[in-house]
Amino acid sequence: MRLTMLPAFILLMPLAEIAGFVVVGKMIGLWLTLALVLLSFIAGMTLLRRQGIGILRRMQAEGQSGALPGRELLRPAMFVIASLLLIIPGFITDIIAILMFIPPVRDLAWRYISRRFVVVGSKGGFTASSRPGRQSDPKVVDLDEEDYRREPDGKSPWSGKHLGD
């Protein structure tokens with residue numbers, strides 16, 4: 001899906017969900033339709049509670065350790081997204097969420113995502129001790145404190161202003 005179609009998709013999705021409620025409600029009845037919506041909500045909350053927080057902590061730890069995100073992070077991320085989609089009331093979002101649990105669909109999503117995103121990472125974090133021997137990037141201007149000073153501009157409307165003034 002093109003990014004320019006995203007606003008139309010977001011605006012039309014509630015209408016499609018309402019149509020889904022009407023169709024399912026006519027087929028199985030009001031109370032069973034409400035029961036299915038409630039069941040998908042409970043399933044989404046349970047999945048998010050059991051796996052979501054642990055997955056997010058693992059993703060954060062891997063990001064802080066400098067590991068590049070890849071295919072191994074797609075599965076947990078898709079589980080979190082699927083759980084959130086199950087929480088949203090509607091049958092179309094539930095179908096999309098259930099599809100995200102199927103491994104071939106996740107593989108297809110990985111092929112789609114991996115072509116469109118470039119991951120930029122570094123092997124080590126920046127620390128004050130790593131400064132003298134590090135390689136210089138031509139796009140980065142590194143100044144010492146004596147190389148840069150800031151003087152107030154009297155013509156600026158923001159000059160001399162403080163929060164709360």
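If you read the sequence from its start, that first residue is 1, and numbering goes on from there.
In this structure, the separation between CG on Asp107 and CD1 on Ile102 is 11.5 Å, given to the nearest 0.5 Å. Put simply, CG on Leu48 and CG on Leu84 are 5.5 Å apart, with the number rounded to the nearest 0.5 Å.
A 4.5 Å side-chain heavy-atom check between Ile95 and Ile98 finds every atom pair outside the cut-off. Leu36 places none of its side-chain heavy atoms less than 4.5 Å from the side chain of Phe41. Counting heavy atoms from C-beta outward, Phe101 and Leu47 have side chains that approach closer than 4.5 Å. You'll find the side chain of Val37 reaches within 4.5 Å of the side chain of Phe91, heavy atoms only. Using a 4.5 Å heavy-atom threshold, the side chains of Leu38 and Ile42 count as touching. Counting only heavy atoms from C-beta outward, the side chains of Asp94 and Leu86 approach each other to under 4.5 Å.
Partner of Glu17 under the side-chain contact (heavy atoms from CB on, under 4.5 Å) criterion, chosen from Ile92, Leu12, Ile88: Ile92.
For the residue pair Thr33 and Ile28, the shortest heavy atom distance occurs at OG1-CG1, 3.6 Å. What you find for Ile96 and Leu85 is that their closest heavy atoms are CG2-CD1, 3.7 Å. The two residues Ala97 and Ala82 come nearest to each other via the heavy atoms CB-O, 3.3 Å.
Val24 and Val22 are members of different hydrophobic clusters when ILVMFWY side chains are connected at heavy-atom separations under 4.5 Å. Phe21 and Met27 fall within a single hydrophobic cluster, where Ile, Leu, Val, Met, Phe, Trp and Tyr are joined by side-chain heavy atoms under 4.5 Å apart, directly or via other members.
Looking at Arg106, its side chain never comes within 3.5 Å of a backbone N or O of Met78 through a donor-acceptor pair.
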For side-chain contact (heavy atoms from CB on, under 4.5 Å), just list the numbers for Thr93 and Met13, CA-CA rounded to whole Å, side-chain angles, deciding distance to a tenth of an Å, and then say yes or no. CA-CA 9 Å; Thr93 53; Met13 192 64 179; 3.8 Å; yes
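The neighbour count for Met45 CE, taken as heavy atoms of other residues, nucleotides or ligands under 6.0 Å away, does not exceed 12.
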